[in-house]
Amino acid sequence: MSGELTFVDAVNRTLAHAMREDERVIVLGEDVAEGGPYLVTAGLAEAFGRDRVRNTPISEGAVCGVAVGAAQSGLKPVVEIMFIDFVTLALDQLVNQAAKAHFMSGGQLSVPLVLRTQGGSGQRNGAQHSQSLEAWLTHVPGLKVVMPSGAADAAGLLRSAIADPNPVVFVENKSLYFRREPVPDPAEAIPIGRAHMVRSGRDITIVALSRMVGEALTAADQLASEHGIEAEVIDPRTLVPLDLATLAQSVTRTGRAVVAHEAVTAGGFGAELAAQLQAAAFDYLEAPIQRVGAPYTPVPVSPPLEDAYRPGAEEIIRAARVALEWGQHDAEPWEKGALASS
Amino acid sequence: MSGELTFVDAVNRTLAHAMREDERVIVLGEDVAEGGPYLVTAGLAEAFGRDRVRNTPISEGAVCGVAVGAAQSGLKPVVEIMFIDFVTLALDQLVNQAAKAHFMSGGQLSVPLVLRTQGGSGQRNGAQHSQSLEAWLTHVPGLKVVMPSGAADAAGLLRSAIADPNPVVFVENKSLYFRREPVPDPAEAIPIGRAHMVRSGRDITIVALSRMVGEALTAADQLASEHGIEAEVIDPRTLVPLDLATLAQSVTRTGRAVVAHEAVTAGGFGAELAAQLQAAAFDYLEAPIQRVGAPYTPVPVSPPLEDAYRPGAEEIIRAARVALEWGQHDAEPWEKGALASS
Amino acid sequence: MDTEVAVALLRTMWRIRRFEERVAQLKRNLQVHGLIHLSVGGEGVAAAVCGQLRDDDAVYSGHRAHGHAIAKGAPLNTMMAELMGRETGLCRGLGGSMHLVDAEHGFMGATGVVGGNLPLALGSALTSHLTRTDQVTVVFFGDGAVQAGHFNETINLAALWRLPLIFVCENNGFAEFTSRDEHSTIERVSDVVAPYGFERTTVSGSDVPAVYEAFGEYLRAARSGSGPFLLECLTYRRRGHYEGDQQKYRDPEAEEEWRERDPIARLTESHVDDEAATAIEREAAAEIEEAVRFARDSPFPDPAITAGLVYAA
Amino acid sequence: MDTEVAVALLRTMWRIRRFEERVAQLKRNLQVHGLIHLSVGGEGVAAAVCGQLRDDDAVYSGHRAHGHAIAKGAPLNTMMAELMGRETGLCRGLGGSMHLVDAEHGFMGATGVVGGNLPLALGSALTSHLTRTDQVTVVFFGDGAVQAGHFNETINLAALWRLPLIFVCENNGFAEFTSRDEHSTIERVSDVVAPYGFERTTVSGSDVPAVYEAFGEYLRAARSGSGPFLLECLTYRRRGHYEGDQQKYRDPEAEEEWRERDPIARLTESHVDDEAATAIEREAAAEIEEAVRFARDSPFPDPAITAGLVYAA
Ligand SMILES: Cc1ncc(C[n+]2csc(CCOP(=O)(O)OP(=O)(O)O)c2C)c(N)n1
Ligand SMILES: Cc1ncc(C[n+]2csc(CCOP(=O)(O)OP(=O)(O)O)c2C)c(N)n1
Ligand SMILES: [Mg+2]
Ligand SMILES: [Mg+2]
């Protein structure tokens, strides 16, 4: 069975399903028993009780630590950090405790927790409620990092995240929350670590994360209709572990690639993708890997500024064209590079 | 005048010099008035009083926030986080407040603070006292990130960091602390944003950070004496802002590059360097940019395991050889890449 | 409280009230954007506290900061322009509702991180101490912030270092959609800090003279270098947590009760005659209309400005 | 306290004392590495607390954890092997002194982050509550951890959720090289948590029967589901903060005084005859020598094991 659901409802239904299936699954976070500001957890307290769906005070650090301790002792907590911007307050617990417990204990402990959070700009919420910080977490061995691009993937990936015996950071994007698409019920688990080929094409590969997958498809359509360029669009779905093989095979075929995310370009996960792809597909590359991301500024709040800040299909097209036209200009090479990555 | 000093003493003397020169400079952190575990701040409390050299409780978050507030109101705080592993507890203040205050206030506020901390493995301190987390900070517009590779640079860069009107994260490496080298007195300010060409060579470029600069020189010597290969070694000195031009010019000349740091390779600053260099020097590259860093595990504590974990000259040589021999093998390209970047 | 002071405070309160009601409207009309947290019903605290401060005293606040900024002297025109994202905004359109700053008037900043400015305020007080000025720092925060670790870290440091800092908690009994009893077993914030041994008290935030007097006493002490102090004001959030909040958790009875405790109505009743009060209200409304006009007539900023404002030169 | 119990506790205390003194030696001889924090002089707390727990009760600790692990039942051989970095170590040489874990005996972990395990312990107590077992969780921490935000966050949550968790603070009056009065104005940790309204008390950590009794009472209550509780034990750190610490801050007088309060000497004097005590000590020393032998005979781990231990399968 399958019906149209919003991203929010897909996550909500998956949480309910997991809680029904497994008593050990609990949900905790600020206002989760009231549904939270986006209603992602709406109805769960009514269905499963306030013992398993726990409102917490504004204590991000300790609450994340509670989830770690609960996970180590047999529960499967799904803890929510309301905005990824506030993961800054919980990183000690996530990085120094959750990520390292299995390793440091020589395998005695495991930490099957899911940390759900959401990031992204576009709502005029300003610099402290709009960030995309997933790259930090990909630099922490012991964490897995998942970034769904739509409702169906969110449902399927969340199932896998909850089933996983490791700490999984599940990064949603608030701009996707109210988009609808068909979501199977029950959602089948989508394996962590396998990329999704969203559109195939022979001319250029676009690797896009989260909200940028939709933007990449828009870009691909426009490249096809206006320029006759066939872009292949791949959604890695999970950043850690990363399905490099699928990405690299595509790039060796197309010879050109754009990697796109909403986070600030510098130090973003696109750097890792570019570094890995240039190494993996070097002999086949016709142009340098192009990166698309946000500029190197905090997120401004004024609408035209935020709109200009926010990367989208247009920036992907521009980057694709740099890659496609590579070799036709005479600028000094590092100027080209700077151009492409800013 | 110039004498041999340890890294610790170079930082100590520079702090004393800054405090003498400018009343607004204060030092705060855990046990700083006692000198701290490495004696970096020894003697400052005696010389400048415990009002300006303040011991703090174990409250990394608030203490970093105090430094932000003090900086906004006219002081020039140098705040110490004893181990970079605990910057996890201060990131909200650093990322959400310090880095964004100037921008969000439309330029009204500025935050001239220096956050000194130290990272790195090698002392058998285990997974929570040995990390290298500087990459996180390079992903935060508004922060500057400085990583000195020796005593003289530490002195000169710290002078600039203290003079800078922005929040500067000054990342030391504990393995360098007791190495001696000539340090001018008084140290001249070394500008933030300019790379240092440490050794010139025509065959390959090695971009190395912090402790890895010394390792790169060892590697270069060995490459020269055993293989007749002349490696150019560049120390960016500052990660943000990055002197891409110097790096890219070198790589366009040599056509091959290794980037090396002590942090975990995946998601490390080497990814950013590789991404920028492959874009900037694409037409001149004879081989993919090779990355050297730590493997994707927490830092183990047992001596032979930590020794194996810790990247050094040997790993740089191995990576350089992959770059130098590129094209002579027949493996599938992504296998080569995986090999080089693990 | 003498009439002159009451009139001045009432003027401030009406400016805040009319400003925020207008902002609510503009938000519905999509001319003000993002997360908007209003303080309708709690204006007395902002007025009575900031009304006693000098421009060179520092005020820090949180996400519900419009009132504090206005009371501290931020111009209505540039505030409204900031909320409407204009180039003439206080922060050139880069900050918005949760990140207002007016350094000229000592409003050193709002923050969207709950409790995030607590330690910054302590840093500001440290500067006063080290530079031997008599400036006082005030930090506003809600009851929700008290459960955040940085609250206790800051309280402990403030007590230890005895800095001229006044903590002003606006305890409205709610954090977002949950009431205080789901956040802590300790109802009163002044009880939370009891072990630290500094002076603290709880007053009704609707009783403007009481707030004025309690704060005034702390201010005089802080002015001569003592501190810290904590003033807890019991307030009521008459609107949703943010504009757009469905408010399912509302208790209609409490609401009725608190409507009666409206600080504006009470202060008017006790201290200002109706005619004068009406005039003040009208004046405030006119100022707000002027602010909206000012903002509407201002251009949006050029996106090119952002790159140059990441680092101070 | 009856003799049988006293003898059992004395045995644990001597095992800890001899273990740690031996570790200090091995550290000087470069056979044990890294940051080593010893609890010499404070063994009574570990013994009296853990001695009353079941294997399925959970204990969490911090950087000064050897004593807690031993008292909870961690085998000396594998502990010593862990400290010497051997494959046979409790954590296969991946954890070391600050990250000991012995899940089999309910020693759920030490941490090098000051206070870092406080919330984890609360999570463990939450599991007991939700799975309706009568397991109790205990978390050890120092007085330095009390000023960290996560301490207050955890205390507040524990009080709010009323979980079967016992906080055991070892207040030695120092955090690294600075004394408690540079960290807080509140001397006693049991006073810090006063507003939360749960039961708490302070005892001398050198008075083993007192610790035993106070903890026992809390344990019985927690066993039947109540909580939290806080037990503060005043202790003295007879050695440096870590091995190698220059200890310039030492007060020789206090040291003399505390040497007299040695928990081992006191418990022996009051409860165990000299002959029995000497036998216990010798036995402990022999066990430690055996542990060193075991560790020395064990190979170092193969570096290849690390990659497979990052993620659970
Ligand atoms: C650190 C952090 N966590 C969560 C949030 C989301 N949030 C915004 S306001 C709020 C409630 C704040 O309550 P309180 O401090 O009492 O202030 P009030 O809104 O009642 O004025 C929450 C949880 C946030 N902004 N910052
Ligand atoms: C979060 C954090 N900050 C700083 C340190 C460095 N450090 C290690 S032990 C210690 C003092 C701890 O004092 P206390 O909690 O009283 O324990 P004690 O050493 O006295 O047993 C400090 C500051 C750390 N390990 N973790
Ligand atoms: Mg509130
Ligand atoms: Mg202590």
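When reading the values below, keep in mind they use all heavy atoms of this one structure, side chains included, and skip hydrogens, waters and symmetry mates. Labels below follow one simple rule: chain letters A, B, ... track the order of the sequence lines, proteins then strands, and each chain is numbered from 1.
Considering every non-hydrogen atom in both B/Y296 and A/V140, the closest pair reads OH-O, 3.7 Å. Listed here is the closest heavy atom pair of A/A274 and B/A275: CB-CB, 3.8 Å.
More than 12 heavy atoms of other residues, nucleotides or ligands sit less than 6.0 Å from atom CZ of A/R253.
Across A/P300, A/G142, A/G126, A/A90, the residue that shares the most heavy-atom pairs under 4.5 angstrom with chain B is A/P300. Among the candidates B/G268, B/A99, B/A263, the residue making the largest number of heavy-atom pairs closer than 4.5 Å to chain A is B/G268. Ranked by heavy-atom pairs under 4.5 Å with chain A, the first of B/L242, B/T297, B/L133 is B/T297. Heavy-atom pairs under 4.5 Å with chain A were tallied for B/Q131, B/Q128, B/Q278; the largest tally goes to B/Q278.
Of residues 91-98 of chain A, those residues lying under 4.5 Å from chain B by any heavy-atom pair are A/L91, A/D92, A/V95, A/N96, A/Q97. Annotation: residues 59-69 of chain A contacts chain B through no residue [non-hydrogen atoms, separation under 4.5 Å].
Remark: side-chain polar atoms of B/E272 are paired, donor with acceptor, to backbone N or O of A/G267 under 3.5 angstrom.
Here the straight-line distance linking atom CG of B/D283 with atom CH2 of A/W326 works out to 5.5 Å at 0.5 Å rounding. Atom NE2 of residue B/H139 and atom NE2 of residue A/H139 lie 12.0 Å apart, to the nearest 0.5 angstrom.
For chain B, the nearby part of A/E286 is the backbone; its heavy atoms alone come within less than 4.5 Å. Interface residue A/S132: only backbone heavy atoms are found under 4.5 Å from chain B. Using a 4.5 Å cut-off between heavy atoms, A/L285 contacts chain B through both its backbone and its side chain.
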| field | Candidate pair B/I289 and A/F282, rule side chain to side chain contact (heavy atoms under 4.5 Å, CB included), full reasoning | value | CA-CA 9 Å; B/I289 315 282; A/F282 184 79; over 6 Å; no
